[in-house]
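Just so we're clear, the structure is a prediction, and the values are computed from it rather than from any experiment.
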Amino acid sequence: MNRAVNTLRAQEAWRAGITGKGITVAVLDTGMVMHPDLQGRLIGFYDTLSGRRTPYDDCGHGTHVCGIMGGSGRMSEGWYRGIAPGVSIVEVKVLDRMGKGRRQDMLTAIQWVLDNRERYQIRILNISVGTVREGDYRDKKLVEAVEKAWDAGLVVVVAAGNMGPQPQTITAPGNSRKVITVGSLEESRNLYSSRGPTANCVCKPDIVAPGTNIISCNYHFQRNGESAYCKKSGTSMATPMVSGATALLLQKEPWLTNVEVKMKLREAALNLGLPHARQGWGLLNIPKFLSLYIQPVNYGIKIADGSIHPPKV
């Protein structure tokens with residue numbers, strides 16, 4: 001997270017007093033434990049699997065995602081702070097202890113978010129989940145559900161999937177034309193981020209963010225003295241970085257619509273000179289996204305082909 005924060009320059013927002021405070025993100029995932037870095041962040045919990053009312057995470061994926069998006073970094077003295085450390089979280093458990101789930105539970109969760117959006121003042125929906133059978137009629141229902149949430153005004157941010165580097169590997173519901181689909185900035189030879197276009201010739205992903213070897217909250221932190229943090233990779237990790245950045249923007253400009261947020265992402269993205277099917281519009285650039293005045297910085301981003309691409313700030 002320390003490297004990701006530097007790459008995206010999230011600290012520029014924090015210095016301006018922008019932390020995502022007052023903005024709520026609904027996270028559809030494996031659940032969340034009350035990690036010290038997430039204390040005070042969780043304001044709602046819904047379990048589609050067993051109906052439990054007490055927050056829990058029997059897999060760890062959801063806790064890791066929430067830490068990336070809104071962790072305070074308390075256990076690391078700020079070193080592994082999330083992108084929007086002031087954001088509020090509503091966690092909806094849709095995946096089991098193996099990180100697997102059913103489409104019907106996803107549909108139920110999305111509808112629950114829509115039914116409770118006013119209660120929790122939800123502005124953003126983070127979905128670090130994807131299916132692997134794009135084009136299936138059941139996936140179509142999932143796409144229709146996220147587009148219903150988008151049409152209701154939520155900023156829907158979805159993982160592109162980890163089925164790359166072949167083309168047409170974007171997973172559902174990230175293959176929706178409307179939602180913001182996030183790929184991973186691949187800084188190694190391990191090329192996994194799903195590539196566009198979709199089977200319906202929609203240009204995806206929309207944007208990329210760091211997703212490889214991200215250290216964030218560990219759900220085992222209270223067991224056997226294990227570390228408070230762990231490392232995971234995937235577009236699941238890149239997605240909450242964009243959701244966190246969106247929370248920063250909406251704190252600063254709460255009147256923005258989801259379409260305006262998406263257009264600002266496009267205008268602010270840092271072009272890495274890669275094909276659209278790999279980078280979308282480019283790398284998330286938080287200061288430009290938030291229209292903050294910053295001094296240009298001359299640093300390069302090393303990508304998977306070994307080249308250095310200087311940012312055009």
How many angstroms lie between [atom1] in [X] and [atom2] in [Y], if you round to the nearest 0.5 Å?
X	Y	atom1	atom2	answer
Leu270	Lys288	CG	NZ	8.5 Å
Glu91	Thr30	CD	OG1	6.5 Å
Asn285	Thr7	CG	OG1	11.0 Å
Met241	Ile207	CE	CD1	13.0 Å
Leu284	Leu265	CG	CG	6.5 Å
Asn2	Ile214	CG	CD1	9.0 Å

Check this for me: [X], atom [atom1], are more than 12 non-hydrogen atoms of other residues, nucleotides or ligands nearer than 6.0 Å?
X	atom1	answer
Lys148	NZ	no
Lys141	NZ	no
Gln166	CD	yes

State whether Glu12 and Arg15 are salt-bridged, where the test is any N-O pair (Lys NZ or Arg NE/NH1/NH2 against Asp/Glu carboxylate O) under 4.0 Å. yes
Is the shortest distance from a Lys or Arg side-chain nitrogen in Arg103 or Asp139 to a carboxylate oxygen in the other one below 4.0 Å? yes
Please report the C-alpha distance between Tyr219 and Tyr56 in whole Å, then the side-chain angles of each, then the deciding distance to 0.1 Å, and finally whether the side chain to side chain contact (heavy atoms under 4.5 Å, CB included) criterion is met. CA-CA 9 Å; Tyr219 80 123; Tyr56 72 104; over 6 Å; no
Do [X] and [Y] make a side-chain contact, defined as non-hydrogen atoms from C-beta onward lying under 4.5 Å apart?
X	Y	value
Val158	Thr239	no
Glu253	Lys264	yes
Lys252	Ser291	yes
Leu95	Cys59	no
Val25	Arg123	no
Ile89	Phe45	no
Met1	Ile215	no

Any donor-acceptor N/O pair, [X] side chain to [Y] backbone, under 3.5 Å:
X	Y	answer
Ser72	Asp37	yes
Asp206	Gly280	no
Arg81	Gln11	no
Gln251	Thr19	yes
Glu186	Tyr192	yes
Ser216	His64	yes
Gln279	His276	no
Asn200	Val202	no
Lys262	Lys178	yes
Thr171	Ala160	yes

No-hydrogen, no-angle side-chain donor-acceptor test under 3.5 Å, [X] and [Y]:
X	Y	value
Thr198	Asn175	no
Ser176	Glu147	yes
Thr63	His35	no
Ser88	Tyr120	no

Residues in salt bridge (Lys or Arg N to Asp or Glu O under 4.0 Å) with Arg3, at least two apart? Glu187
Taking all non-hydrogen atoms of both residues, which atom of [X] and which atom of [Y] are closest, and how far apart?
X	Y	result
Val155	Ile180	CG1-CD1, 3.8 Å
Gln121	Glu118	NE2-O, 2.7 Å
Ile110	Ala145	CG2-O, 3.7 Å
Gly70	Val87	CA-CG1, 3.8 Å
Ile83	Ala10	CD1-CB, 4.2 Å
Thr235	Ser184	CG2-N, 3.7 Å

List in chain and number order the residues that pass side chain to side chain contact (heavy atoms under 4.5 Å, CB included) with Pro36, two or more places apart in sequence or in another chain; answer none if no residue qualifies. Arg74, Met75, Phe221
Using the side chain to side chain contact (heavy atoms under 4.5 Å, CB included) rule, take Leu154 and Ile122 through it: C-alpha gap first, then chi angles, then the decisive distance, then the call. CA-CA 8 Å; Leu154 294 179; Ile122 298 169; 4.1 Å; yes
From the options Thr48, Asp105, Asn116, select the one residue that forms a side-chain contact (heavy atoms from CB on, under 4.5 Å) with Val92. Thr48
Determine whether Cys217 and Met32 satisfy the following criterion, side chain to side chain contact (heavy atoms under 4.5 Å, CB included), listing intermediate values before the conclusion. CA-CA 10 Å; Cys217 298; Met32 193 188 99; over 6 Å; no
What about [X] and [Y], same hydrophobic cluster or not, with Ile/Leu/Val/Met/Phe/Trp/Tyr joined at side-chain heavy-atom distances under 4.5 Å?
X	Y	result
Leu283	Leu292	yes
Val242	Trp14	yes
Leu256	Leu125	yes
Val113	Val143	no
Ile23	Leu114	yes

Chi angles and distances behind the side-chain hydrogen bond (donor to acceptor under 3.5 Å, both in side chains) call for His61, Ser236: CA-CA 9 Å; His61 188 275; Ser236 287; 3.1 Å; yes
Might you work through the side chain to side chain contact (heavy atoms under 4.5 Å, CB included) test for Leu272 and Leu185, ending with a clear yes or no? CA-CA 10 Å; Leu272 299 172; Leu185 173 66; 3.6 Å; yes
Parallel, tilted or perpendicular: which one describes the rings of Trp112 and Tyr46, with boundaries at 30° and 60°? parallel
